[in-house]
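First comes the structure, then the notes that go with it.
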There are 2 protein chains.
Amino acid sequence: MTLDTSKVSIKTSLASCFGTNFQDLKGSQDFLEELASLAQEITVDENTYIFKEDEQSNFVYIPISGVIMLERSTARGSRHVFAFLFTGNLIGLSEFSFYTFSAKSLSNSTMVKINKSLIKNVFERHPQIAKRFHEYTNIVLNYILDQLFIMGQKTAHQRLALFLLDMAKRIGHGTQKFFLPMSRQDIADYLGMSLETTSRGFTSLKNKELISIESNYSITILDPKSLTEYTDN
Amino acid sequence: MTLDTSKVSIKTSLASCFGTNFQDLKGSQDFLEELASLAQEITVDENTYIFKEDEQSNFVYIPISGVIMLERSTARGSRHVFAFLFTGNLIGLSEFSFYTFSAKSLSNSTMVKINKSLIKNVFERHPQIAKRFHEYTNIVLNYILDQLFIMGQKTAHQRLALFLLDMAKRIGHGTQKFFLPMSRQDIADYLGMSLETTSRGFTSLKNKELISIESNYSITILDPKSLTEYTDN
DNA sequence: CGAGCCCTTGATGCATTTCAACGAATGTGG
DNA sequence: CCACATTCGTTGAAATGCATCAAGGGCTCG
């Protein structure tokens with residue numbers, strides 16, 4: 001039950017939840033000390049659930065490395081994927097006492113696991129930290145609104161193109177070749193289309209020479225500018 | 001520049017932003033006094049903009065009565081409607097110094113207009129109030145996630161049915177007959193479909209005897225249960 | 001009464017789903 | 001190490017949903 005808060009990877013993840021100058025915030029030392037003694041770093045295998053929908057939400061998680069997929073299953077057996085998370089997103093903090101979605105690891109991942117009561121307590125005592133988190137929530141909200149717009153107004157292939165551009169930015173960090181950590185089905189369930197349409201989308205973008213597909217999961221964006229234009233209608 | 005905070009309508013709106021037992025919160029009296037002296041109640045005519053995208057976001061607004069539509073226009077001239085608000089939603093509070101969307105009144109409306117700096121200041125001084133607001137933000141976030149799911153997985157006519165059920169709940173407050181305050185085009189832009197598809201959706205639901213259409217804007221949900229089943233696939 | 005706006009309806013074509021078959025990659029047991 | 005099963009992705013053909021183009025109907029307001 002101890003966490004090495006001096007690790008760069010952990011600092012990076014915290015910074016992306018609470019801002020880059022997080023260390024300067026009033027209360028941040030206190031918070032870090034509590035994390036050091038009461039939080040833990042866990043590792044999660046590929047394809048395993050960190051938690052499932054409707055379970056008691058006693059913990060929140062911050063991914064350090066790996067890929068986490070958030071999903072919800074529907075009455076009729078279909079599934080909605082609503083996010084792929086890489087590093088530094090706080091998962092599972094809400095007012096509900098149970099999770100409203102499942103979190104599944106798509107790769108070997110490491111995460112910081114924190115008692116929900118610890119976080120809530122820190123937020124009570126240190127409004128500055130709470131404020132930072134809520135600014136971050138606002139960014140998430142705006143991101144989802146953009147996604148909502150995309151779902152309503154873009155064609156299936158455009159949505160796929162936008163998805164790949166987003167992944168390139170978040171995974172490739174600038175390089176245009178990256179490893180896709182999720183299956184075609186996962187992408188389909190995220191973009192609200194059938195598996196086949198996703199597959200055809202890949203083929204179509206390849207034929208247009210906008211991307212190249214080295215293997216099923218290794219993608220290169222050949223022409224970011226044209227690909228962006230393609231998403232613009 | 002004074003606001004009558006004893007009005008029931010204003011209390012109701014505040015309660016829906018900050019919780020029903022808002023008055024018991026630490027700092028709420030202070031907040032109310034500031035509102036009384038520094039906020040104002042404004043009225044807005046039908047079909048006029050309260051603010052537009054990219055304007056300086058100096059004020060936040062809480063609708064008291066009427067209907068507000070939040071929209072964003074796109075590069076290619078199309079439009080995305082992302083919310084219809086009735087009463088008690090805090091509009092326009094974000095970290096950006098300009099609005100990222102426009103707010104348009106669809107009816108004669110009254111709203112409380114508050115200086116953004118006042119609100120931010122209250123939140124700094126009274127973490128309990130800020131916390132309430134952020135709980136409310138979380139509810140909004142969940143609502144949008146549901147909408148995202150609907151956009152991805154439901155057919156056009158199902159989306160319309162879900163929209164009407166939502167409106168009935170929010171406008172009719174239990175009664176099944178209600179006045180739709182927005183045009184077919186507004187609904188289309190909200191649900192990501194064409195005006196014609198929206199219209200056909202109305203006709204189709206009418207023919208299925210799930211709703212009746214007294215006039216273009218007066219709708220009755222004849223069979224809520226079957227209508228709900230219809231949205232379930 | 002006519003103009004203008006909003007809504008509805010029809011016809012057509014394109015986008016996407018669905019059903020079905022095939023191919024490629026991966027793992028398992030003989 | 002190879003045959004086989006299994007999983008995942010691709011491709012084709014048919015059917016469906018939806019957008020688009022086009023025309024007509026009803027309402028409101030001057």
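Residue numbering restarts at 1 for every chain, and letters A, B, ... go by the order of the sequence lines. Atom set for the values below is all heavy atoms of this structure, side chains included, hydrogens, waters and symmetry mates excluded.
A pairwise comparison of heavy atoms in A:Asp232 and A:Lys154 identifies CA-NZ, 4.1 Å as the closest pair. A:Arg72 and A:Thr100 make their closest contact through NE-O, 3.0 Å (heavy atoms, listed as atom of the first residue, atom of the second, distance). Closest of all the heavy-atom pairs between A:Ser57 and A:Phe98 is OG-N, 3.3 Å. Residues A:Phe202 and A:Leu160 come closest through the heavy atom pair N-CD2, 3.4 Å.
Helix bend of the helix from C:dC1-D:dG30 to C:dG30-D:dC1: the angle between its two end axes, each built from five pairs, comes to 30° after rounding to 10°.
Under the 6.0 Å cut-off for aromatic ring centres, A:Phe59 and A:Phe51 do not qualify, their centroids lying 6.0 Å or more apart.
Identified under the salt bridge (charged side-chain N to carboxylate O under 4.0 Å, His left out) test for residues 174-187 of chain B, with sequence neighbours left out: B:Arg79-B:Asp186. Screening residues 215-225 of chain B for side-chain hydrogen bond (donor to acceptor under 3.5 Å, both in side chains) gives B:Glu214-B:Ser218, B:Glu214-B:Thr220, B:Asp223-B:Ser226 as the qualifying pairs, with residues at least two apart or on separate chains.
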Protein N or O to nucleotides 24-30 of chain D N or O, pairs below 3.5 Å:
none

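Between A:Ile219 atom CD1 and D:dT10 atom C1' the separation is 14 Å, expressed in whole Å. To the nearest angstrom, P of D:dG9 lies 16 Å from CG of A:Leu205. The CG-P distance, from A:Asp189 to D:dC8, rounds to 13 Å in whole Å. Distance, B:Leu160 CG to D:dG17 P: 16 Å, rounded to whole Å. The distance from atom CG of A:Leu180 to atom C1' of D:dG9 is 13 Å, rounded to the nearest whole Å.
With A:Ser65 contributing its side chain and A:Ser109 its backbone, the two residues share no donor-acceptor pair below 3.5 Å.
Between A:His134 and B:His134, the ring planes are parallel. Angles under 30° get that label, and only those over 60° would be called perpendicular.
Legend: residues meeting salt bridge (charged side-chain N to carboxylate O under 4.0 Å, His left out) with B:Asp166, ordered by chain and number and at least two apart, are B:Arg170.
At a cut-off of 3.5 Å, with distance as the only test, a side-chain donor of A:Gln153 or B:Ser78 sits close to an acceptor on the other residue.
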Expected string for nucleotides 6-23 of chain C under the B/S/- scheme (protein heavy atoms, under 4.0 Å, primed atoms plus P, OP1, OP2 as sugar-phosphate) is SSBBBB----SBBB----
